[in-house]
**Student:** 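To start, I am sharing the structure in question, which I have written as structure tokens.
Start at 1 with the first residue, then count along the sequence.
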Amino acid sequence: MRVVILDHTGALGGAELALVRLLGALDPEIETRTILMSAGPLVDELRSHGHIVDVVPAGSWTGATRHELGGSRLSAAFSALAVLPYSFRLARTLRRMKPDLLCTASLKADLIGVVSARLAGVPLVWHVHDRIADDYLPKPLVGAVRRLARWIPAAVVANSLATAATLPGARNLAVVAPGFAPEQVRHGQREPGDDGHPVVGLIGRISPTKGQMEFVRAAAIVRQAHPGATFRIVGEVAFAEAEYEAAVRAKVEELGLTDAVRFTGRVDTPDAELDAMALCVHASPVPEPFGQVIVEAMIRRVPVIATRAGGATEILEPVTGEEPLGRLVEPGDHEDLARAIIDLLDDPVGAAARAERAWESATVRFPIERSARQVTAVWSSVARAGADRSARRFRWARRR
Ligand code: GLC
């Protein structure tokens, strides 16, 4: 099977990290080739793992925010016109490469893929990492993407039930959670290490959707109960959200937390950061599509606090009503978050016991081999249907 993957960005966001791990776990019989619409660290990351990557630059609109692209009907119409020449170009490339299918890995790639795959006669699979909902994307875009999902792609893969629920009626919809790579798992127990200076961390792109602001506000409350606690904000700004970072930093100063909160910037492997944490916080105030960081903390046996919404709830409360594998708090409520942090810091033994159960659950539910098998099943059935269709067309043409 030959698959072309299309992503709009060369930056290393969550969806891109998921892609790197997925490609690494596929059966070597599957030939993949990734096309990126802009350069960035993802190129080297993929190449260093032996994957074939082409950068086919698409121009400045790949950096536009979703609101700029689809905030109104007018801007959506302009965006559609702006991307057409690129879609034609990509269609020519696809015709040359003749893959069994095109798999698009980001929202902008999904939209480009609609035109290119159709023109090239290649079946299309959308791999959706975003919730297609008003709280996450501009309204006109939500309507358009949902309609397209019903008719155009041969199959749609969603990264969680929460994401799938935002695509009602999508064609051949499958849920495949992103997976962790074997080397990410911590096998030995953690040292209990209670020295009165616990580290509380939040890992993720700095963005209003990830909740660093709520985290900082909670930190101010936690410091009253645990004056030795420090807080680490791990990650960097991407996708044009520098203003938000500035606001978070200003809040740190305003609350007198400059000694207590550290911004690490981007780190290459979050494992060392996770290992140093007494607990890992996932503070997204809007429902997270999946939330890979939560799984990464679980497989390193780090106690987790997350907001009760979207993929986070699915990961931490696989069976509704049963004791969750981490503490769930109200999204956007920094006081609830602070309470949870204090409770866990007050009871490290209880937190560690829960983290053990979380480790057991995550190591079984989210290995990347499992995701790779599930994605391969979707791809294979789409490729088979595509091959049948071309064979029929060929027979029909010969009969005439
Ligand atoms: C996106 C989503 C995130 C998810 C990741 C992998 O980055 O925002 O929730 O974990 O994709 O699917």
**Student:** First locate atom CD1 of I294, then atom CD1 of I305, and finally report the distance between them rounded to the nearest 0.5 Å.
**Tutor:**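 So the gap between those two atoms works out to 11.5 Å.
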**Student:** Say you draw a straight line from CG of L148 to CG of L111; how long is it, rounded to the nearest 0.5 Å?
**Tutor:**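 Spacing of CG (L148) from CG (L111) equals 6.5 Å.
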**Student:** When hydrophobic residues are tied together by side-chain contacts of less than 4.5 Å, even through go-betweens, does W379 share a cluster with M97?
**Tutor:**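 No; M97 is not reachable from W379 via cluster members.
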**Student:** Would you mind telling me which of R266, R262, R232 makes a salt bridge (Lys or Arg N to Asp or Glu O under 4.0 Å) with E273?
**Tutor:**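 Single salt bridge (Lys or Arg N to Asp or Glu O under 4.0 Å) partner of E273 among R266, R262, R232: R232.
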**Student:** Quick one: does E356's side chain have a donor or acceptor within less than 3.5 Å of a partner on A353's backbone?
**Tutor:**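 Judged by distance alone, no pair lies under 3.5 Å.
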**Student:** Checking side-chain contact (heavy atoms from CB on, under 4.5 Å) between T376 and each of V3, D27, I30, which is the one that passes?
**Tutor:**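 With T376 as partner, side-chain contact (heavy atoms from CB on, under 4.5 Å) holds for just one option, I30.
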**Student:** Is I341 reachable from V199 through a run of I, L, V, M, F, W or Y residues, each pair having side-chain heavy atoms under 4.5 Å apart?
**Tutor:**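 Hydrophobic grouping puts V199 apart from I341.
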**Student:** Do other residues, nucleotides or ligands put more than 12 heavy atoms under 6.0 Å from E183 CD?
**Tutor:**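 Counting other residues, nucleotides and ligands, CD of E183 exceeds 12 neighbours.
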**Student:** Does Y244 reach the main-chain N or O of M213 with its side chain, forming a donor-acceptor pair under 3.5 Å?
**Tutor:**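 It does hold such a pair.
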**Student:** Between E254 and K251, does any side-chain N to carboxylate O distance fall below 4.0 Å?
**Tutor:**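 The answer is yes: the pair qualifies as a salt bridge.
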**Student:** Yes or no on side-chain hydrogen bond (donor to acceptor under 3.5 Å, both in side chains) for N159 and T163, after CA distance, side-chain angles and deciding distance?
**Tutor:** CA-CA 6 Å; N159 62 351; T163 297; 2.7 Å; yes
**Student:** List in chain and number order the residues that pass side-chain hydrogen bond (donor to acceptor under 3.5 Å, both in side chains) with E322, two or more places apart in sequence or in another chain; answer none if no residue qualifies.
**Tutor:**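 Counting only residues at least two positions away or on another chain, E322 forms no side-chain hydrogen bond (donor to acceptor under 3.5 Å, both in side chains).
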**Student:** Side chains of V375 and H127: closer than 4.5 Å at any heavy-atom pair?
**Tutor:**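 Yes, their side chains come closer than 4.5 Å.
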**Student:** Looking at every non-hydrogen atom in both residues, tell me the closest pair between A242 and V237 and how far apart they are.
**Tutor:**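 Between these two residues, the closest heavy atoms are N-CG1, 3.6 Å.
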**Student:** With the side chain counted from C-beta on, respond yes when R357 and M298 share a heavy-atom pair under 4.5 Å apart, and no when they do not.
**Tutor:**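 Side chain of R357 against side chain of M298, heavy atoms only: no contact under 4.5 Å found.
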**Student:** Hey, is the main chain of P270 close enough, under 3.5 Å, to the side chain of R300 for a donor-acceptor pair?
**Tutor:**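 No: the side chain of R300 does not pair with the backbone of P270.
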**Student:** Identify the heavy atoms of A120 and A91 that sit nearest to each other, and give their distance.
**Tutor:**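 Closest approach of A120 to A91, heavy atoms only: CB-O, 3.6 Å.
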**Student:** Keeping the roles fixed (side chain from R89, backbone from R92), state whether a donor-acceptor pair exists under 3.5 Å.
**Tutor:**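 Flag not set: sc R89 to bb R92 has no pair under 3.5 Å.
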**Student:** Do L36 and V56 have side chains that get closer than 4.5 Å, going by heavy atoms?
**Tutor:**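 Side-chain contact under 4.5 Å: no.
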**Student:** Take S207 and E241, measure what side-chain hydrogen bond (donor to acceptor under 3.5 Å, both in side chains) needs, and give me the verdict at the end.
**Tutor:** CA-CA 6 Å; S207 153; E241 283 162 342; 3.3 Å; yes
**Student:** Check the hydrophobic clustering (I, L, V, M, F, W, Y; side-chain heavy atoms under 4.5 Å; chains of links allowed) and say if V128 and V176 are grouped together.
**Tutor:**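 No, because V128 and V176 fall into different hydrophobic clusters, even though each may have its own neighbours under 4.5 Å.
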**Student:** Side-chain heavy atoms nearer than 4.5 Å, only ILVMFWY residues, links allowed to pass through others: does that put V43 and V4 together?
**Tutor:**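 Unlinked, V43 and V4 end up in two clusters.
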**Student:** Between R2 and D100, does any NZ, NE, NH1 or NH2 come within less than 4.0 Å of an OD or OE carboxylate oxygen?
**Tutor:**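 A salt bridge is absent here (no side-chain N lies under 4.0 Å from a carboxylate O).
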**Student:** Answer yes or no: is there a donor N or O on one side and an acceptor on the other, between the side chain of Q212 and the main chain of I233, under 3.5 Å?
**Tutor:**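 No, Q212 side chain to I233 backbone: no donor-acceptor pair under 3.5 Å.
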**Student:** I need the full list of ring pair (Phe, Tyr, Trp, His ring centres under 6.0 Å) pairs touching residues 215-237, with sequence neighbours left out, sorted by first then second residue.
**Tutor:**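 Listed by first then second residue: F215-F231.
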**Student:** Let me confirm one number: the OG1-CG distance from T104 to D7, rounded to the nearest 0.5 Å.
**Tutor:**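 Taking OG1 in T104 and CG in D7, the distance rounds to 9.0 Å.
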**Student:** For the CD atom of E245 and the CD atom of E243, what is their distance to the nearest 0.5 Å?
**Tutor:**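 Going from the CD atom of E245 to the CD atom of E243 covers 12.0 Å.
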**Student:** At what distance, to the nearest 0.5 angstrom, does CG of L102 lie from CG of L90?
**Tutor:**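 So the CG of L102 and the CG of L90 are separated by 6.5 Å.
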**Student:** Which atom pair, heavy atoms only, marks the closest approach of C280 to L274?
**Tutor:**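 Closest heavy-atom pair between C280 and L274: SG-CD2, 4.0 Å.
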**Student:** Do the non-hydrogen side-chain atoms of T307 and E330 ever get within less than 4.5 Å of each other?
**Tutor:**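 Contact flag for T307/E330 side chains = no.
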**Student:** Taking the six-membered ring of F263, is the NZ or CZ of R249 close enough (under 6.0 Å from the centre) and on axis enough (within 45°)?
**Tutor:**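 Output yes; distance and angle both within limits.
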**Student:** In this structure, are over 12 heavy atoms from other groups packed under 6.0 Å from R118 atom CZ?
**Tutor:**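 For R118, atom CZ is not crowded (no more than 12 foreign heavy atoms under 6.0 Å).
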**Student:** Step by step, would you call I52 with T32 a side-chain contact (heavy atoms from CB on, under 4.5 Å)?
**Tutor:** CA-CA 7 Å; I52 304 174; T32 62; over 6 Å; no
**Student:** Provide the closest heavy-atom pair for W359 versus R301 in the form atom of the first, atom of the second, distance.
**Tutor:**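 In terms of heavy atoms, the two residues are closest at CD1-CG, 3.3 Å.
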**Student:** If only atom types and distance count, is the side chain of S361 paired as donor or acceptor with the main-chain N or O of A358 below 3.5 Å?
**Tutor:**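 Absent.
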**Student:** On a heavy-atom basis, which atom in A154 and which in N172 lie closest, and how many Å separate them?
**Tutor:**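 So the two residues come closest at O-ND2, 2.7 Å.
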**Student:** Between the side chain of R205 and the main-chain N/O of G13, is any donor-acceptor distance below 3.5 Å?
**Tutor:**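 Looks like no, no N/O pair under 3.5 Å.
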**Student:** How long is the straight-line distance from CG of L337 back to NE2 of H334, given to the nearest 0.5 Å?
**Tutor:**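 Going from the NE2 atom of H334 to the CG atom of L337 covers 9.0 Å.
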**Student:** Applying side-chain contact (heavy atoms from CB on, under 4.5 Å) to I315 and F290, what does each step give before you reach the verdict?
**Tutor:** CA-CA 8 Å; I315 296 171; F290 179 72; 3.7 Å; yes
**Student:** For the side chain of S116 and the backbone of G113, is there at least one donor-acceptor N/O pair under 3.5 Å apart?
**Tutor:**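 The answer is no, because no donor-acceptor pair under 3.5 Å joins these two groups.
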**Student:** Does R131 pair with E288 as a salt bridge, N-O distance under 4.0 Å?
**Tutor:**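 Salt bridge absent between R131 and E288.
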**Student:** Is any NZ, NE, NH1 or NH2 atom of the basic residue among D44 and R47 found under 4.0 Å from an Asp or Glu carboxylate oxygen of the other?
**Tutor:**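 No, D44 and R47 are not salt-bridged.
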**Student:** Between R327 and E317, does any side-chain N to carboxylate O distance fall below 4.0 Å?
**Tutor:**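 Looking at E317 together with R327, the answer is no, because their closest N to O distance does not fall below 4.0 Å.
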**Student:** Hey, does V157 have a side-chain heavy atom less than 4.5 Å from the side chain of W126?
**Tutor:**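 Result no, sub-4.5 Å side-chain heavy-atom pair not found.
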**Student:** Evaluate the criterion side-chain contact (heavy atoms from CB on, under 4.5 Å) for residue pair R190 and V302; output intermediate values, then yes/no.
**Tutor:** CA-CA 8 Å; R190 273 161 60 91; V302 182; 3.4 Å; yes
**Student:** Could you go through the side-chain contact (heavy atoms from CB on, under 4.5 Å) check for L94 and L119 one step at a time?
**Tutor:** CA-CA 9 Å; L94 288 175; L119 286 176; over 6 Å; no
**Student:** Report yes if some heavy atom in the side chain of L46 is under 4.5 Å from a heavy atom in the side chain of L23; otherwise report no.
**Tutor:**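 The answer is yes; the side chains approach within 4.5 Å.
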**Student:** Do you know which two heavy atoms are closest between S380 and M1, and how far apart they sit?
**Tutor:**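 The answer is OG-CE, 3.7 Å.
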**Student:** Do the side chain of S38 and the main chain of P57 share a donor and acceptor less than 3.5 angstrom apart?
**Tutor:**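 Side chain of S38 to backbone of P57, a donor-acceptor pair under 3.5 Å: no, none is there.
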**Student:** Given side chains that start at C-beta, do those of H197 and T230 come closer than 4.5 Å, heavy atoms only?
**Tutor:**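 No, every pair of side-chain atoms sits at 4.5 Å or beyond.
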**Student:** Going by heavy atoms in the side chains, are E335 and I221 under 4.5 Å from each other?
**Tutor:**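 Yes, side chains in contact.
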**Student:** When you group the ILVMFWY residues by side-chain heavy-atom contacts below 4.5 Å and let the links chain together, are V234 and V216 in the same group?
**Tutor:**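 Per the 4.5 Å side-chain linkage, V216 and V234 are not co-clustered.
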**Student:** Would you say the side-chain atoms of T9 pair up with the backbone N or O of A11, donor to acceptor, closer than 3.5 Å?
**Tutor:**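 Yes.
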